[in-house]
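Notes to accompany the following structure.
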Amino acid sequence: MIDGLEPVALQELRALGAPRRWPVEGHLDQLPSLTPVRGELSAEHRGNVLAVEGDLSTIVTLCCDRCLGQFNHQLSCSSSELIWLGQSPPSEQDLKESEDIAAMEGLVECLDPRGSFEPEQWVFEQLNLQLPVVNHCGDHCPGPPVQAQAKPPAQTEAVDPRWAALRRLQQP
């Protein structure tokens with residue numbers, strides 16, 4: 001857990017009337033990293049939406065999908081998100097009444113207006129979205145490990161005739 005990123009009640013953010021800022025420096029339990037997560041995060045209550053912005057970075061160790069070697073990968077993001085404050089996604093009428101209508105296209109997430117915002121969870125989600133789908137250590141990757149060829153059985157061994165076709169494929 002990163003110190004200072006405890007959940008904060010949305011009503012508390014509303015009462016502030018200004019963005020709340022958090023410095024971020026520490027390790028996330030859910031995302032093991034080589035270096036601490038560093039950056040800053042801010043959240044502002046804007047009536048029907050919570051505007052969250054953050055600049056974050058860290059370095060994680062990944063396993064290459066081709067050679068199975070480990071390599072370091074930098075994760076960094078500069079994210080901003082509008083989170084709808086309501087029990088269900090906004091209706092067309094809600095969107096028309098909102099001040100931030102131009103920026104609300106693609107709103108996906110909803111929070112209970114009587115609930116709380118978890119800044120550490122938001123940091124984890126943003127960095128986790130930056131992880132590569134395919135882990136590749138780079139152009140210098142040696143490729144899949146090569147196993148030593150097994151010696152062909154001696155000709156004196158009896159070979160099951162059902163395996164003869166496979167044996168012909170193995171011969172150079």
Side-chain angles (χ1 to χ4, degrees), residues 1-3 5-7 22 24-41 43 49-92 95 102-112 115-172:
M1 174 135 191
I2 298 176
D3 289 335
L5 292 186
E6 292 82 21
W22 292 270
V24 178
E25 176 139 9
H27 290 276
L28 292 169
D29 295 335
Q30 309 103 317
L31 183 69
S33 59
L34 194 59
T35 62
V37 176
R38 290 187 175 101
E40 85 173 18
L41 171 70
V49 295
L50 181 68
V52 186
E53 296 179 4
D55 291 315
L56 309 160
S57 66
T58 189
I59 297 175
V60 295
T61 301
L62 301 174
C63 180
C64 180
D65 292 336
R66 292 187 67 214
C67 69
L68 303 179
Q70 291 190 339
F71 66 100
N72 295 335
H73 182 75
Q74 182 168 0
L75 297 179
S76 60
C77 68
S78 181
S79 300
S80 63
E81 180 180 20
L82 293 175
I83 302 172
W84 182 255
L85 300 176
Q87 296 291 340
S88 59
S91 66
E92 289 295 323
L95 291 176
M104 294 182 75
E105 292 183 23
L107 250 166
V108 176
E109 198 153 349
C110 299
L111 285 177
D112 181 357
S116 60
F117 170 66
E118 297 181 23
E120 184 172 4
Q121 181 66 27
W122 191 85
V123 167
F124 165 73
E125 289 170 359
Q126 299 308 309
L127 288 173
N128 199 45
L129 288 170
Q130 301 304 313
L131 287 171
V133 175
V134 176
N135 296 331
H136 187 254
C137 61
D139 294 335
H140 64 280
C141 182
V146 178
Q147 295 180 346
Q149 294 286 338
K151 289 185 176 181
Q155 295 294 343
T156 58
E157 293 182 28
V159 177
D160 188 336
R162 295 175 288 183
W163 292 102
L166 180 61
R167 182 149 324 276
R168 282 192 302 271
L169 291 172
Q170 288 180 331
Q171 293 175 354

When the side chains of residues 59-69 are checked against the rest of the protein, which donor-acceptor pairs come out under 3.5 Å, sequence neighbours left out?
from, atom 1, to, atom 2, distance (Å)
Thr61, OG1, Asn72, OD1, 3.1
Asp65, OD2, Asn135, N, 2.9
Arg66, NH1, His136, NE2, 3.4

Discussion item. Could you work out, with side chain to side chain donor-acceptor pair (under 3.5 Å) as the rule, every residue matching Asn128, not counting sequence neighbours?
Written reply: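 For Asn128 there are no side chain to side chain donor-acceptor pair (under 3.5 Å) partners, ignoring immediate neighbours.
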Discussion item. Could you tell me if Gln126 and Gln130 have a donor-acceptor pair between their side chains, going purely by distance under 3.5 Å?
Written reply: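 No.
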[atom1] of [X] to [atom2] of [Y]: how many Å apart, nearest 0.5 Å?
X	Y	atom1	atom2	result
Leu111	Glu109	CG	CD	6.0 Å
Glu120	Leu31	CD	CG	11.0 Å
Glu40	Leu56	CD	CG	9.5 Å
Leu28	Ser33	CG	OG	6.5 Å
Trp163	Arg168	CH2	CZ	13.5 Å
Leu129	Phe124	CG	CZ	9.0 Å

By salt bridge (Lys or Arg N to Asp or Glu O under 4.0 Å), which residues pair with [X], not counting sequence neighbours?
X	answer
Arg162	Asp160
Arg38	Glu25
Asp3	none

Fill in: Evaluation steps, side chain to side chain contact (heavy atoms under 4.5 Å, CB included), between Trp122 and Ser79
CA-CA 10 Å; Trp122 191 85; Ser79 300; 3.9 Å; yes
Item to complete: Quick one: list whatever passes side-chain contact (heavy atoms from CB on, under 4.5 Å) with Asp112, sequence neighbours left out.
Response: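 Partners of Asp112 under the side-chain contact (heavy atoms from CB on, under 4.5 Å) test: Gln87, Arg114.
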Considering only heavy atoms from C-beta outward, does the side chain of [X] approach that of [Y] to under 4.5 Å?
X	Y	value
Phe117	Val52	yes
Val24	Leu5	yes
Thr58	Pro36	no
Val123	Gln121	no

Worksheet item: After noting the C-alpha distance and the side-chain angles of Cys77 and Leu127, does the key distance pass the side chain to side chain contact (heavy atoms under 4.5 Å, CB included) rule?
Response: CA-CA 7 Å; Cys77 68; Leu127 288 173; 4.2 Å; yes
Worksheet entry | Nearest atoms (heavy-atom pairs only) where Ser78 meets Asp55 |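 Taking Ser78 first and Asp55 second, the nearest heavy atoms are OG-OD1, 2.5 Å.
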